[in-house]
Amino acid sequence: MWSRRRTAGEVVLAVVMALLAAGTEELLGGEGWQLAAVALGAAVLSLLRRRLPATTLILTGGLAPLVPGFLVLLILVGWSAGRYIAGAGRALIAFTVAYVLNIAASLLDVWDLHRSLTVVFMSTLYYLGTTLAPGLANRYWTQRRTLLHALQERNAQLLRERVMVASSARLRERQRIAQDMHDSLGHQLALISVHTGALEVDRELTDRQREAVGVLRNASVTAMHELREVVGILRDGIEAPTEALTAPVRAGDESGRAARGTAGIEGLVEAARAAGNKVELRRLGEYQPLPPAADHAAYRIVQEALTNAYKYAPGAPIDVEVRYEPDSFVVEIGNEPVTDPPRDVVSGGQGLTGLHERARLVGGMVHAGPADGGGFRVAGVLPYGVVDAAPLVETAPLVDAADDFRQQSTRPLVGDLGPVTGGPADRTFTERELAMATRGGRSTGGGIALGCGIAFAALVLLLVAGGFGIYFLMGSMREGMIDPAEYDKVKVGAAEQEVRDQLPSGDTIATTGLHGKGPEEPEGSKCLVLMSSEVGNDMETEPVFRFCFKDGKLIEKKSYEVKR
């Protein structure tokens, strides 16, 4: 179904085609009912060109030589047929049949055995220039637009999938943080419970004090149970973190927690060395304590960076640098490039995303990317104090801004984070054309045929344009060139008007660059410079004739050679 806007546009276009057809017929001698019939036929064919493109093309191509009013309509029909005929084979058949009927009608309209070749040649040129070339151009443009729409939809889908992957990675990292919170707070609550339990049985306490200690012990036990329930809800359906401590933490023992903070970085480096990797650890600056969450984030940055180095650059030297800056804690891990990087590396693709989320939640930031001299570099900056989480910055699109197909369209596709630009597309036509373009081996042949057709049509149009250009150039040359014999006939002292009537006007592009060269012109005179039909003595010079007029008479004529 057409929209109101398209309906109005098609009606206006049909009226314009009808008026052009009727006007052409009237100029060629048509009158009365003939004009009305041609106008009605042009309007009907214009309206049917989208619904029945092949039929409309064949009818218009066959009737155009017999009905001159359809000659302008043939351009519009050829343009539309190139887009709306589905399938390269059907389009080739339709254009071929229309061409054959056009040539046959042309020969039938002007039957002259001696002029048949000329009629065929001129009709072929007209058909190629006004029907086939627009049809091929529109078909190429339509297929390109179809491919663009498909890429837009694919890009929007990739964006949505990437958002889902990033959200899953952030959720996993938050689950790990929840587990760390459970381990840390659970340990502290266990200590409180143990100490309060010991105080509760102390004989030196009064009944009131023993009652208060009992309340404190019950509160700590209740808080520990609630903490476990909350962490259990957060972990529902998510696998347990691989770095979780498997050994129980004894009361008063902080070694397990310290091993997962900045103090545990040396343990990670020693484990990497024991596995045969070349790892160098440097500590710079004066030690400053970090909050527990930031302390563990530093440990996770080093752990994940070393893991990536093992996977993607095995055997490459690794540098780990820990710096206690005045305002923040900085950790950098870099590995040198490898000559033969491994293939088929198994990776979940969420480690770095998790590091970004963990650092963001403590007010820090993480950078990961190729290093300037080659290799890979991971760097993290973490604050010493408790800082609010940085605002969440959504992931960048999967394509560069210059190649982003979303910016070339106007129709939004709804994504998880809001509208993602996708572009208006005729779904039925898009699916049909895309299926045609990707159906087995015929896609290659269709593309080659389309390219060859466009190239052939362009070549024909170029030859036609070149022929007209040569024709007009020759006419222009005649307006700026005379023979030496004509030069000799002109006598000095003759009237200016008489001389100008005998000579060409010289107002042509062929004489550009000849004025102002050669002998000095007489003062106060107006000179006419023309080329000679003869060639010069060499390829660099050109003989010219100059005629100078003053006070209505020819006062001087000269023949000389100039260099262009």
Side-chain angles (χ1 to χ4, degrees), residues 2 5-85 90-113 115-139 141-142 457 460-461 464-465 467-468:
W2 286 355
R5 183 177 180 181
R6 171 169 287 187
T7 302
E10 289 295 327
V11 171
V12 171
L13 184 60
V15 171
V16 171
M17 289 293 104
L19 293 177
L20 289 176
T24 304
E25 284 292 327
E26 186 177 11
L27 289 176
L28 296 178
E31 58 183 12
W33 65 268
Q34 183 179 358
L35 299 181
V38 171
L40 180 61
V44 172
L45 291 175
S46 176
L47 294 173
L48 292 177
R49 76 186 194 283
R50 292 175 180 264
R51 181 69 63 183
L52 303 172
T55 304
T56 305
L57 174 65
I58 293 173
L59 287 176
T60 307
L63 293 176
L66 304 177
V67 184
F70 286 174
L71 292 176
V72 178
L73 178 65
L74 188 60
I75 302 175
L76 177 64
V77 171
W79 171 264
S80 298
R83 173 181 179 179
Y84 292 103
I85 297 179
R90 294 183 59 187
L92 178 62
I93 293 174
F95 276 94
T96 302
V97 172
Y99 168 71
V100 172
L101 293 179
N102 186 273
I103 296 299
S106 299
L107 292 175
L108 181 63
D109 183 51
V110 185
W111 176 249
D112 189 343
L113 185 61
R115 298 177 54 194
S116 59
L117 292 179
T118 302
V119 172
V120 171
F121 178 73
M122 297 303 298
S123 299
T124 301
L125 288 182
Y126 184 83
Y127 183 83
L128 292 178
T130 62
T131 308
L132 183 60
L136 290 176
N138 195 13
R139 189 170 190 83
W141 177 78
T142 302
V460 171
L461 291 178
V464 173
F468 281 106

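We're numbering straight along the sequence, starting at 1.
The heavy-atom pair separating Ser46 from Glu10 by the smallest distance is O-OE1, 4.1 Å. Between Ala18 and Ala43 the shortest heavy-atom distance is CB-CB, 4.2 Å. Closest approach of Ala94 and Ile85 over heavy atoms only: CB-CD1, 3.8 Å. Contact detail for Ala81 and Phe95: the closest heavy-atom pair is CB-CZ, 4.0 Å.
Checked by atom type and distance alone, the side chain of Asn138 pairs as donor or acceptor with a backbone atom of Trp79 at under 3.5 Å. Between the side chain of Ser106 and the main chain of Asn102, a donor-acceptor pair closer than 3.5 Å is present. Put simply, the side chain of Arg83 never gets that close to the backbone of Ser80: no donor and acceptor are under 3.5 Å apart.
Counting heavy atoms from C-beta on, the side chains of Leu73 and Leu45 come closer than 4.5 Å. Looking at Leu101 and Ile58, their side chains come closer than 4.5 Å, going by heavy atoms from C-beta outward.
For the atom pair CG of Leu19 and OG1 of Thr24, the computed distance is 10.5 Å after rounding to the nearest 0.5 Å. Expressed to the nearest 0.5 Å, how far CG of Leu52 lies from CG of Leu47 amounts to 11.5 Å. The line from CG of Leu76 to CZ of Arg49 is 4.5 Å long, rounded to the nearest 0.5 Å. Rounding to the nearest 0.5 angstrom, the gap separating the CG atom in Leu40 from the CG atom in Leu35 is 12.5 Å. How far OG1 of Thr131 is from CG of Leu74: 3.0 Å, rounded to the nearest 0.5 Å.
Counting only N and O atoms by type, the side chains of Thr124 and Tyr99 include a donor and acceptor under 3.5 Å apart.
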